[in-house]
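Just below is one structure, and these are the notes that go with it.
This chain uses plain numbering: 1 for the first residue, then up along the sequence.
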Amino acid sequence: MDQVVSLLAASVRFATPMLFAALGAILSEQAGVFAVGLEGMMLAGAFGAAVAASATGSDVAGLLASLAAGGLVGIVVGLVALRFRADQMVTGLAVNMLAAGSTSFLLRVLHHGSAPVIALPLINAWAIPGLAAIPLLGSLFRQPPLTLLAFAAFVPVSWFLTSTHAGLRLRGAGENPNAAYVAGHDPGRTRLVATIAGASIAGLGGAVLVLQQVGTYTDAMTGGRGFLALAAVIVGRWQPGATLVACLAFGAAEALELRVEIFGLPLSSYTVEMLPYLVAVLVLAAFGRSVRMPAALGRAYDPGQPG
């Protein structure tokens with residue numbers, strides 16, 4: 001039982017970066033803009049958090065920098081995909097490569113040509129009063145603050161999308177932007193704001209890796225987690241609750257990867273490392289075909305064209 005609870009607690013922690021990235025993707029894609037650049041947004045956020053926290057000694061400064069760095073990538077996506085109407089899928093992939101190259105370059109500039117690893121102290125876990133004292137299950141309620149924030153954020157995001165005028169405008173921009181325009185709204189502006197806001201939140205996912213999980217920054221450290229978060233959004237049908245469950249499933253696969261290595265089972269390390277991505281492929285194959293995405297997702301907005 002202890003091993004099971006330990007696995008569940010680890011699953012929650014490993015899911016945290018994907019939770020932030022998935023929340024950002026939901027905002028962007030509900031507004032009609034593909035979030036293929038999640039990997040780059042997370043990597044930019046991780047780099048910003050590492051540099052700011054290392055320079056100031058403040059985790060808060062690192063979190064703010066991750067928001068800004070992720071938002072900067074969102075501005076690039078908005079400029080290229082929305083202002084100049086480039087293909088959104090290609091734009092996202094290009095942004096991922098741009099983030100990987102630019103962060104690697106800037107890391108070496110900051111350290112005079114060497115390829116260092118920025119080391120940082122990890123954020124300590126918090127114990128939820130009362131719940132953390134429950135026998136056997138207590139470890140589930142002793143989690144770092146960013147994990148608690150990630151889970152708590154799903155409630156207001158769900159409420160925002162379904163119960164506020166701003167949320168309905170955002171969803172309208174992703175379903176029928178021309179109808180939203182006729183109703184007196186500006187779908188182009190809504191998409192841009194949603195893209196930047198979603199990218200900033202995804203940047204927090206990168207900060208989680210640096211400040212809470214790993215304690216170091218290295219090149220390309222996101223390791224495909226942005227794509228896992230995107231897969232969770234698709235499996236979750238762009239709904240926060242179902243997406244949270246999908247992120248937890250992928251987090252469990254990552255936690256199980258470490259358990260397999262610890263137990264010394266006769267499996268290749270390469271086979272073990274691909275486990276989360278194998279789970280993502282299998283889940284997408286099983287549920288992806290029945291998914292209905294936002295009707296105008298990926299379509300350039302042109303008020304001169306019929307809806």
Quick check: does any side chain N or O of [X] sit under 3.5 Å from a backbone N or O of [Y], one acting as donor and the other as acceptor?
X: S28; Y: T195; answer: no
X: R191; Y: A173; answer: yes
X: Q213; Y: V208; answer: no
X: T218; Y: M221; answer: no

Could you give the distance from [atom1] ([X]) to [atom2] ([Y]), rounded to the nearest 0.5 Å?
X: I201; Y: L19; atom1: CD1; atom2: CG; result: 12.0 Å
X: M18; Y: M42; atom1: CE; atom2: CE; result: 8.0 Å
X: T190; Y: R169; atom1: OG1; atom2: CZ; result: 6.5 Å
X: L204; Y: Q212; atom1: CG; atom2: CD; result: 11.0 Å
X: Q143; Y: F151; atom1: CD; atom2: CZ; result: 7.5 Å
X: F47; Y: L106; atom1: CZ; atom2: CG; result: 4.5 Å

Using side-chain heavy atoms (C-beta onward) and a distance below 4.5 Å, is [X] in contact with [Y]?
X: Y181; Y: D186; answer: no
X: F227; Y: N96; answer: yes
X: N124; Y: P144; answer: no
X: V73; Y: L98; answer: no
X: L107; Y: Y217; answer: yes
X: R171; Y: L161; answer: yes
X: Q88; Y: V80; answer: no
X: L64; Y: V60; answer: yes

Going only through I, L, V, M, F, W and Y residues with side-chain contacts under 4.5 Å, is there a path from [X] to [Y]?
X: V214; Y: L122; answer: no
X: M41; Y: L72; answer: no
X: V77; Y: V193; answer: no
X: I234; Y: V157; answer: yes
X: M89; Y: V233; answer: yes

Worked check of side-chain contact (heavy atoms from CB on, under 4.5 Å) between L63 and L67: CA-CA 6 Å; L63 294 175; L67 286 168; 5.7 Å; no
Derivation and outcome, salt bridge (Lys or Arg N to Asp or Glu O under 4.0 Å), residues D219 and R108: CA-CA 10 Å; D219 287 337; R108 284 155 178 78; 2.8 Å; yes
Nearest heavy-atom neighbours spanning T243 and A22: CG2-CB, 3.6 Å
Heavy-atom closest contact (A180 atom, P187 atom, distance): CB-CG, 4.0 Å
Derivation of the side-chain contact (heavy atoms from CB on, under 4.5 Å) call for R225 and L209: CA-CA 10 Å; R225 289 177 178 85; L209 289 173; 3.7 Å; yes
side-chain contact (heavy atoms from CB on, under 4.5 Å) between L170 and F160, worked out: CA-CA 10 Å; L170 185 149; F160 168 78; 4.1 Å; yes
Criterion side-chain contact (heavy atoms from CB on, under 4.5 Å) on L248 and L244, from CA distance to verdict: CA-CA 6 Å; L248 285 174; L244 186 150; 3.6 Å; yes
Donor + acceptor pair across side chains of E29, W238 (<3.5 Å): yes
